[in-house]
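Encoded as structure tokens, the structure appears first; notes follow it.
In this text the structure is predicted, and so the values were computed from the model without any measurement. Both ligands and their constituent atoms are indexed starting at 1 by order of listing.
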Amino acid sequence: MNVLRVLLVGNGGRENAIAAALARSAREIELLNYATAVNPGLEELCEEIHLGGSLTDVDEIVAYAQAQKVTHAVVGPEAPLIAGVADGLAAVGVAVMGPTQALAQLEGSKAYTRNLLKEYKLDYSPVYRVFTDGGMVEAREAFYNRFDGQIVVKADGLCGGKGVLVAEEHFHSFAEADEFAVAAIEQFGRVVFEEKLVGVEFSLIAITDGTTLHTCLPVQDYKRAHDGDTGPNTGGMGAITDVDGTLPFLEPEHFEAARRILTHTLAAVQDDTGQTYRGVLFGGFMITHSGVKVIEFNCRFGDPECQNILTMLVSDFGEVLERTCDGTLGEMLMLEFSAEAVVTKYLCPDGYPDAPVKGEAVVVPEITPENVSVYYSSVGSEGGKLLLKGSRAIAVTATGPTLAEANEACESHLSHFSGPLFYRSDIGTAELLDRYAARLS
Ligand code: AMP
Ligand code: GLY
């Protein structure tokens with residue numbers, strides 16, 4: 001079998017999990033990393049780390065791939081994909097796990113995606129309207145009033161998690177919502193107003209070669225910084241999956257609906273663009289009283305959803321990568337996952353995300369139990385010390401025969417780290433899950 005010379009783009013906890021999954025592969029893999037900072041977790045797993053200026057510098061990434069004669073690439077974050085890195089790499093003969101720029105609009109443009117679903121008669125969206133004219137105040141106010149202010153306003157471009165404003169969480173009046181809307185139109189040319197859905201969110205991530213679509217484990221992630229879903233939004237503080245690929249509130253029909261939506265959306269976006277989607281298709285869904293609705297799509301693994309999924313993956317991820325790229329994913333009948341429960345929690349610097357401490361040392365436990373994986377993210381190694389760099393620092397992923405036991409194992413390992421750190425202790429507990437279930441009763 002040929003050696004796969006793989007370029008991994010990105011350097012967060014998700015990419016550490018991708019590299020660890022490739023390291024378990026039976027394929028012979030030489031892994032190279034294009035990064036903006038050295039991730040100590042990736043340092044151990046990669047032959048070389050190339051420090052580049054930016055993850056959206058397509059030319060530099062392509063030049064590095066060519067110089068290194070890579071055969072395959074896997075792109076972790078969305079920004080390089082939306083910037084066209086898959087197109088650039090494919091043009092020089094690299095097989096890429098990650099969609100082209102046109103296909104990545106599914107994540108890059110909320111208006112594109114809502115309009116695509118509508119055009120293909122895929123009735124999975126909340127009521128929405130796209131505004132392109134900053135002057136149409138009355139029409140926006142009418143939309144706001146139609147839903148008694150219970151709306152969500154979405155900027156039509158990448159905003160690093162700050163592009164979505166939800167009624168009651170981020171604004172309390174039309175004036176506040178519209179100030180953001182007008183600024184978003186100025187910046188991106190479009191803004192989306194949506195009816196605010198009420199229910200329970202979950203993620204279903206699939207891997208596709210454009211023809212076959214294999215779903216991964218469903219995951220619930222937790223975006224708010226503090227216990228009880230309070231505090232500012234973050235990239236994600238943790239994620240759970242219960243035994244046998246379930247979630248406590250997720251009925252089999254919800255899973256099937258999400259899977260169907262992913263399949264239909266894949267067909268629609270390929271038809272619309274005339275291109276083949278090879279990579280990860282991530283659906284963010286809400287279970288509502290009127291069925292499963294689409295909150296958003298992403299064109300890559302979630303972080304920390306990826307840590308849950310790839311820790312549990314029993315199938316060979318090297319084979320998955322190769323088959324996704326060459327269009328033979330159908331040769332694998334399904335993706336196989338461990339039947340245990342899994343809990344990931346992020347250790348974050350005190351003050352994260354608004355005013356995180358930086359440069360302080362973190363002490364990591366010397367021994368990691370067999371059912372625990374540690375994935376590094378925003379930490380750097382300096383003079384034999386591990387230092388905080390300001391964003392989510394270290395993800396701890398633990399498995400167990402029940403969700404409670406997976407959570408216990410995760411908490412137990414987390415308690416051995418020291419430094420100015422915090423994490424959410426409510427993730428994975430029955431109390432938090434009961435609160436979600438109540439929203440559906
Ligand atoms: P997005 O970037 O589209 O995932 O939005 C970020 C978060 O905003 C989601 O995870 C949801 O919690 C929330 N959100 C987005 N759209 C809606 C909606 N139509 N109704 C309720 N909440 C939403
Ligand atoms: N954890 C959410 C995301 O990666 O989009």
I need the full list of ring-ring contact (aromatic ring centres under 6.0 Å, His included) pairs touching residues 284-321, with sequence neighbours left out, sorted by first then second residue. Phe202-Phe285
From Glu194, Lys223, Arg224, Glu201 - option closest to atom 12 (O) of ligand 1 by heavy atom: Glu201
N/O separation below 3.5 Å, Asp221 to ligand 2: yes
Salt-bridge present (Arg300, Glu107; N to O < 4.0 Å): yes
Can you tell me the protein heavy atom closest to atom 3 (C) of ligand 2 and the distance? Arg300 NH1, 3.4 Å
Can you tell me the protein heavy atom closest to atom 2 (O) of ligand 1 and the distance? Lys110 NZ, 3.0 Å
Find all atoms of ligand 2 within a distance of less than 4.0 Å from any non-hydrogen atom belonging to Asn298, and give their numbers and elements. 5 (O)
Between Asp221 and Lys223, is there a salt bridge with N-O shorter than 4.0 Å? yes
Lys154 neighbourhood, listing ligand 1 atoms whose heavy-atom distance to it stays under 4.0 Å: 3 (O), 15 (C), 16 (N)
What's the shortest distance from atom 1 (P) of ligand 1 to any protein heavy atom, and which residue and atom give it? Glu296 OE1, 3.3 Å
Do Arg114 and Glu194 sit within salt-bridge range, that is, some charged N less than 4.0 Å from a carboxylate O? yes
List the closest protein heavy-atom neighbour of atom 14 (N) of ligand 1: residue, atom name, distance to the nearest 0.1 Å. Ile295 CG2, 4.0 Å
Looking at atom 18 (C) of ligand 1, what's its closest protein heavy atom, distance included? Val152 CG2, 3.6 Å
Going by the rule salt bridge (Lys or Arg N to Asp or Glu O under 4.0 Å), which residues pair with Arg278 if we only count those two or more places apart in sequence or in a different chain? none
Could you see which bit of Arg14 sits under 4.0 Å from ligand 2, with heavy atoms only: side chain, backbone, both or neither? neither
Are any of the side-chain nitrogens in Asp229 or Arg224 under 4.0 Å away from the carboxylate oxygens of its partner? no
For Gly235, take its heavy atoms, then give the atoms of ligand 2 lying under 4.0 Å from any of them. 1 (N), 2 (C)
Counting C-beta onward and ignoring hydrogens, is there a side-chain heavy-atom pair between Thr113 and Glu296 closer than 4.5 Å? no
Note the single closest protein heavy atom to atom 13 (C) of ligand 1, along with its residue, its atom name and the distance in Å. Val166 CG2, 4.0 Å
Of all the non-hydrogen atoms in the protein, which one sits nearest to atom 7 (C) of ligand 1, and at what distance? Val164 CG1, 4.5 Å
If only side-chain N and O atoms count, and only distance matters, is there a donor-acceptor pair under 3.5 Å linking Arg392 with Ser378? no
Before accepting this row, confirm whether a basic side-chain N of the pair Asp156/Lys110 lies closer than 4.0 Å to the acidic partner's carboxylate O. no
Report yes if some N/O of Lys196 lies less than 3.5 Å from some N/O of ligand 1; otherwise report no. no
Check: Glu296 N/O within less than 3.5 Å of ligand 2 N/O: no
Test item: side-chain donor near acceptor, Ser425 and Asp227, under 3.5 Å: yes
Is Leu197 touching ligand 1 with its side chain, its backbone, both, or neither, if touching means heavy atoms under 4.0 Å apart? both
Shortest non-hydrogen contact between Ile427 and Ala239, atoms and distance: CG2-N, 4.4 Å
Under 4.0 Å from any heavy atom of Glu195, which atoms of ligand 1 are there? 18 (C), 19 (N), 20 (N)
Counting from 1, what ligand 2 atoms have a heavy atom of Asp303 closer than 4.0 Å? 1 (N), 4 (O)
